[in-house]
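The residues of the chain are indexed from 1 along the displayed sequence.
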Amino acid sequence: MSRTAGAGSQQLTAEGITAAAFPADVLDRDALAQALKDAAARFGGIDALEYSPVGGHCHRDDRPVRDRSHVQHEMEFQLYGAIAATRAVLPAMREAGAGTLLFTTGAGSINPVPMIGNVNAAAAALRNWAINLHQELEGTGVQAAHVAIDVSIGTAVMPGHPVAQAEAISPVYWELHTTHRDQAERVFSR
């Protein structure tokens, strides 16, 4: 969760929605687990976890993929952070027989882009893990799915790359949580 998480919860509260922020660094596994434990205590459990950390070493890099640094950092940030977050919430979901785990990456997890090869490698690992988790949880009442987003959200990041607003993307998450629980993956693109 980011430093802006508090601002987001304040905006939701102003709109009459019960909200609170529980910021944590996904690389600090104990802090991440504690934040999720605190959220569960505050709200009486966690029905849905959406994991999509931002802030790693995701930047354009024109070096060959074989020369890329920060692959391990991205694995820690994306894959191992997701595993830690899941471990914090899944036992209670399994006990309740209900819950949703959604893991978001860029579309490079499916169609890699060499200029962000370090990020794509970790995103592909997370995608694979999430789809396997979906299969493992089949019949338990707990949904796990991967969401690949093939657009820039809000503002163009790369020239010529499509842009979408969060409001256009959010139905994908709601559908995976409510009516498309049998799907292990959705891709949002324009």
Roughly how far, to the nearest 0.5 Å, is CG of Asn118 from CD of Gln78? 9.0 Å
Counting only pairs under 3.5 Å, give me each side-chain donor-acceptor contact of residues 88-100, with atom names and distances, residues two or more places apart or in other chains.
residue : atom : partner : partner atom : Å
Thr100  : OG1  : His177  : ND1          : 2.6
Thr100  : OG1  : Arg181  : NH1          : 2.8

Show the atom names and distances, to 0.1 Å, of all donor-acceptor pairs under 3.5 Å that link a side chain in residues 30-40 to residues at least two apart or in another chain.
residue : atom : partner : partner atom : Å
Gln34   : NE2  : Asp38   : OD1          : 2.7

Please assess Leu137 against Leu101 for the test side-chain contact (heavy atoms from CB on, under 4.5 Å), listing each intermediate value before the final yes or no. CA-CA 10 Å; Leu137 293 172; Leu101 304 163; 4.1 Å; yes
Looking only at heavy atoms, what is the nearest atom pair of Arg127 and Ser109, with distance? CD-O, 3.8 Å
side-chain contact (heavy atoms from CB on, under 4.5 Å) for Tyr80 and Trp129? Distances and angles first, verdict last. CA-CA 10 Å; Tyr80 297 123; Trp129 182 79; over 6 Å; no
Indicate the atoms forming the closest heavy-atom contact of Ala19 with Arg42, along with that distance. O-NH2, 4.4 Å
Out of curiosity, does Ile46 fall in the hydrophobic cluster containing Leu133 (side-chain heavy atoms, cut-off under 4.5 Å, transitive links)? yes
Pairwise distance CD1(Ile110) to OG1(Thr105) - rounded to 0.5 angstrom: 6.5 Å
I'd like to check the side-chain contact (heavy atoms from CB on, under 4.5 Å) partners of Ala125; sequence neighbours left out, ordered by chain and number. Met75, Leu79
Show me, pair by pair, the donor-acceptor contacts under 3.5 angstrom made by side chains of residues 148-170, not counting sequence neighbours?
residue : atom : partner : partner atom : Å
Ser152  : OG   : Val157  : N            : 3.3
Gln165  : NE2  : Gly154  : O            : 3.4
Ser170  : OG   : Glu167  : O            : 3.3

From CZ (Phe77) to CG (Leu126), nearest 0.5 Å: 11.5 Å
Qualifying residues under salt bridge (Lys or Arg N to Asp or Glu O under 4.0 Å), relative to Glu138, sequence neighbours excluded: none
Working to the nearest 0.5 angstrom, can you tell me the gap between Glu185 CD and His180 NE2? 14.5 Å
Partner residues of Glu50 under the salt bridge (Lys or Arg N to Asp or Glu O under 4.0 Å) criterion, sequence neighbours left out: none
Identify the heavy atoms of Asp25 and Leu27 that sit nearest to each other, and give their distance. OD1-N, 2.8 Å
Where is the tightest heavy-atom contact between His134 and Asp182, given as atom of each residue plus distance? NE2-O, 3.2 Å
Does the side chain of Tyr173 pick up a donor-acceptor pair with the side chain of Thr104 at under 3.5 Å? yes
Aromatic ring pairing Tyr51/Phe103, orientation class (parallel under 30°, perpendicular over 60°, tilted between): tilted
Which pair of non-hydrogen atoms, one from Gln143 and one from Gln183, has the smallest distance, and what is that distance? NE2-O, 2.9 Å
Test your reading of the model: is there a side-chain donor-acceptor pair from Asn128 to the backbone of Ala124, 3.5 Å cut-off? no
